[in-house]
Amino acid sequence: MTQSVIVQVGQCGNQIGCCFWDLALREHAAVNQAVLIDMEEGVVNEILQGPLRDVFDSKQLITDISGSGNNWAVGHKVFGSRYQEQILEKLRKSAEHCDSLQCFFIIHSMGGGTGSGLGTYLLKVLEDEFPEVYRFVTSIYPSGEDDVITSPYNSILAMKELNEHADCVLPIDNQSLFDIISKIDLMVNSGKLGTTIKPKSLVTSSAGTFKKRQKPFDAMNNIVANLLLNLTSSARFEGSLNMDLNEISMNLVPFPQLHYLVSSLTPLYTLADVNIPPRRLDQMFSDAFSKDHQLIRADPKHSLYLACALMVRGNVQISDLRRNIERLKPSLQFVSWNQEGWKTSLCSVPPVGHSHSLLALANNTCVKPTFMELRERFMRLYKKKAHLHHYLQIEGMEESCFTEAESSLSALIQEYNQLDATKSMPVEDLPRLSIAV
């Protein structure tokens with residue numbers, strides 16, 4: 001059985017990680033391999049004082065008290081070099097507990113300072129120290145209404161590191177998560193389809209009513225934790241058609257930089273929070289390709305697929321998988337040179353509280369608008385040189401760091417443009433795609 005090490009960086013990364021371990025422990029109690037890193041100690045201290053305090057090894061934590069001040073440069077340039085040896089020591093210790101270490105999962109946000117800066121600094125450290133171990137990154141992208149004004153700078157600078165040092169990135173949009181939770185609210189309040197909220201859940205208050213907080217981060221984080229739970233299920237349980245994580249990278253990433261995988265999850269609802277009648281099996285497959293179930297604001301059915309993976313859990317037969325792929329194929333457009341670009345897995349153990357679930361991972365050009373919007377938000381700030389001095393006063397930061405990061409993102413967008421340009425061409429007229437390696 002292969003193993004992975006979870007690296008939780010920053011406030012968002014640690015909150016999602018906490019949800020993930022809570023859910024994983026409901027499925028089976030096992031020794032966890034996790035390194036918790038944050039440059040302000042509040043969230044990590046909450047974890048150590050909460051119900052999961054016995055799950056984490058206190059020797060595998062790294063915290064500071066000052067924080068990164070929502071500044072990528074502080075997280076990357078200051079704390080990266082300051083804590084590199086401590087982090088490496090704890091990563092080596094976690095790796096020593098693994099008989100067959102296959103992957104590092106890094107969980108972080110893009111908009112703040114520690115998650116974006118120190119989180120992406122770790123990618124290069126892992127690449128140098130463990131070159132044969134895959135680096136999967138779950139990256140939470142800020143919404144347009146993000147309250148961190150420098151989040152476009154932090155996100156663009158982090159993107160360059162993701163482009164260069166990650167094997168697979170699962171981009172997740174905060175706004176999409178918020179929209180999903182709002183839909184749950186609507187369904188519960190309308191009584192649609194007999195939906196009810198379970199008491200003492202992450203989406204209810206102690207009074208048993210739906211939480212009316214402006215940003216219900218606990219419930220949003222729980223959706224991301226469910227994604228990770230499904231992604232790791234093949235490594236944790238037996239199945240008739242299990243999929244190793246290296247197979248995801250091998251089959252879904254045909255070109256090194258195009259390693260951004262759009263994820264969709266069905267059922268979307270957090271495992272222990274919402275009682276809803278189970279979806280029919282075929283409807284579950286259809287849902288996975290609808291824009292309402294994507295964890296970024298995207299519509300993959302109207303964009304171009306390079307490849308797609310379907311990771312199914314529960315009482316589902318291989319024949320069900322094949323039948324639904326054949327049913328859906330006519331409505332999906334794949335690149336001409338990979339018309340059969342499907343990868344499937346089947347884990348017999350369903351998530352707690354459900355008869356079956358499906359995680360779809362798509363290498364699809366629908367991710368491009370997310371990157372274009374991020375670049376536009378960056379340029380609005382950068383043209384004014386607003387807040388730039390906060391970054392340039394950090395040793396090792398120069399204005400060229402920003403221009404190089406913007407160029408890196410523009411090059412990535414251009415590669416998706418080249419792919420999109422082939423959509424309406426006859427197969428015999430398709431040009432060779434120029435991909436920067």
Verify, without hydrogens or angle tests, whether [X] (side chain) and [Y] (backbone) share a donor-acceptor contact under 3.5 angstrom.
{"X": "Thr63", "Y": "Glu41", "result": "no"}
{"X": "Ser151", "Y": "Val148", "result": "yes"}
{"X": "Asn154", "Y": "Trp72", "result": "yes"}
{"X": "Asn364", "Y": "Leu306", "result": "no"}
{"X": "Lys90", "Y": "Lys59", "result": "yes"}
{"X": "Asn242", "Y": "Phe237", "result": "yes"}
{"X": "Asn222", "Y": "Asp218", "result": "no"}
{"X": "Thr150", "Y": "Asn70", "result": "yes"}
{"X": "Asn363", "Y": "Cys308", "result": "no"}
{"X": "Ser249", "Y": "Asn246", "result": "no"}

What residues form a side-chain contact (heavy atoms from CB on, under 4.5 Å) with [X], not counting sequence neighbours?
{"X": "Asp173", "value": "Gln175, Ser176, Ile296, Arg297"}
{"X": "Cys401", "value": "Leu157, Met397"}
{"X": "Asp64", "value": "Met39, Ser66, Phe79, Arg82, Tyr83"}
{"X": "Glu40", "value": "Gln11, Asp38"}

Minimal non-hydrogen separation, [X] against [Y], with atom names:
{"X": "Ile394", "Y": "His390", "answer": "CG1-O, 3.8 Å"}
{"X": "Ser400", "Y": "Thr403", "answer": "O-OG1, 3.0 Å"}
{"X": "Leu419", "Y": "Leu304", "answer": "O-CD2, 3.2 Å"}
{"X": "Ile248", "Y": "Cys168", "answer": "CG2-SG, 4.5 Å"}
{"X": "Val9", "Y": "Thr114", "answer": "CG1-O, 3.7 Å"}
{"X": "Ala95", "Y": "Val5", "answer": "N-CG2, 4.5 Å"}

Hey, what do you get for [atom1] ([X]) to [atom2] ([Y]), rounding to the nearest 0.5 Å?
{"X": "Lys383", "Y": "Phe378", "atom1": "NZ", "atom2": "CZ", "result": "11.0 Å"}
{"X": "Ile47", "Y": "Asp22", "atom1": "CD1", "atom2": "CG", "result": "11.0 Å"}
{"X": "Met284", "Y": "Ser357", "atom1": "CE", "atom2": "OG", "result": "7.0 Å"}
{"X": "Phe20", "Y": "Leu229", "atom1": "CZ", "atom2": "CG", "result": "6.0 Å"}
{"X": "Thr344", "Y": "Asn324", "atom1": "OG1", "atom2": "CG", "result": "12.0 Å"}

Member of Leu359, Asn221, Leu231, Leu23 meeting the side-chain contact (heavy atoms from CB on, under 4.5 Å) criterion with Asn226
Leu23

Do [X] and [Y] have side chains that approach each other closer than 4.5 Å (heavy atoms only, starting at C-beta)?
{"X": "Val137", "Y": "Leu170", "answer": "no"}
{"X": "Ile87", "Y": "Val7", "answer": "no"}
{"X": "Ile16", "Y": "Cys19", "answer": "no"}
{"X": "Leu388", "Y": "Phe402", "answer": "yes"}
{"X": "Leu295", "Y": "Ile180", "answer": "yes"}
{"X": "Gln8", "Y": "Ile6", "answer": "yes"}
{"X": "Tyr305", "Y": "Phe289", "answer": "yes"}
{"X": "Arg375", "Y": "Ser410", "answer": "yes"}

Partners passing ring-ring contact (aromatic ring centres under 6.0 Å, His included) against Tyr260 (at least two apart in sequence or in another chain):
Phe371

Assess whether atom [atom1] of [X] is packed by more than 12 heavy atoms of other residues, nucleotides or ligands within 6.0 Å.
{"X": "Lys291", "atom1": "NZ", "result": "no"}
{"X": "Glu89", "atom1": "CD", "result": "no"}
{"X": "Ile149", "atom1": "CD1", "result": "no"}
{"X": "Glu395", "atom1": "CD", "result": "no"}
{"X": "His97", "atom1": "NE2", "result": "yes"}
{"X": "Met379", "atom1": "CE", "result": "yes"}

What residues, two or more places apart in sequence or in another chain, satisfy side chain to side chain donor-acceptor pair (under 3.5 Å) together with [X]?
{"X": "Gln84", "result": "Tyr121"}
{"X": "Ser408", "result": "Asn163"}
{"X": "Gln60", "result": "Ser94"}
{"X": "Thr365", "result": "Asp420"}

Check Glu373 with Arg377, please: is the shortest side-chain N to carboxylate O separation under 4.0 Å?
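Salt bridge between Arg377 and Glu373, a charged N being under 4.0 Å from a carboxylate O: no.
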
Decide whether [X] and [Y] meet the rule of one side-chain donor and one side-chain acceptor closer than 3.5 Å.
{"X": "His293", "Y": "Ser290", "answer": "yes"}
{"X": "Gln49", "Y": "Asn45", "answer": "no"}
{"X": "Arg313", "Y": "Ser345", "answer": "no"}

Ring-face cation of Lys385 near Tyr382 (centre distance under 6.0 Å, axis angle within 45°)
yes

For a quick test of your reading: what N or O donor-acceptor pairs under 3.5 Å do the side chains of residues 102-112 make, sequence neighbours left out?
{"from": "Gln102", "atom 1": "OE1", "to": "Leu245", "atom 2": "N", "distance (Å)": "3.2"}
{"from": "His108", "atom 1": "ND1", "to": "Gly115", "atom 2": "O", "distance (Å)": "2.8"}
{"from": "His108", "atom 1": "NE2", "to": "Ser139", "atom 2": "OG", "distance (Å)": "2.8"}

So salt bridge (Lys or Arg N to Asp or Glu O under 4.0 Å) across residues 243-253, not counting sequence neighbours, yields Glu247-Lys343

Steps toward side-chain hydrogen bond (donor to acceptor under 3.5 Å, both in side chains) verdict (Tyr391, Glu398):
CA-CA 8 Å; Tyr391 293 78; Glu398 299 176 356; over 6 Å; no

Solution key, residues 126-133 side-chain donor-acceptor pairs under 3.5 Å, sequence neighbours excluded:
{"from": "Glu127", "atom 1": "OE1", "to": "His165", "atom 2": "ND1", "distance (Å)": "2.7"}
{"from": "Asp128", "atom 1": "OD1", "to": "Lys124", "atom 2": "NZ", "distance (Å)": "3.0"}
{"from": "Asp128", "atom 1": "OD2", "to": "Lys124", "atom 2": "NZ", "distance (Å)": "2.8"}
{"from": "Glu129", "atom 1": "OE2", "to": "Arg92", "atom 2": "NE", "distance (Å)": "2.8"}
{"from": "Glu129", "atom 1": "OE2", "to": "Arg92", "atom 2": "NH2", "distance (Å)": "3.2"}

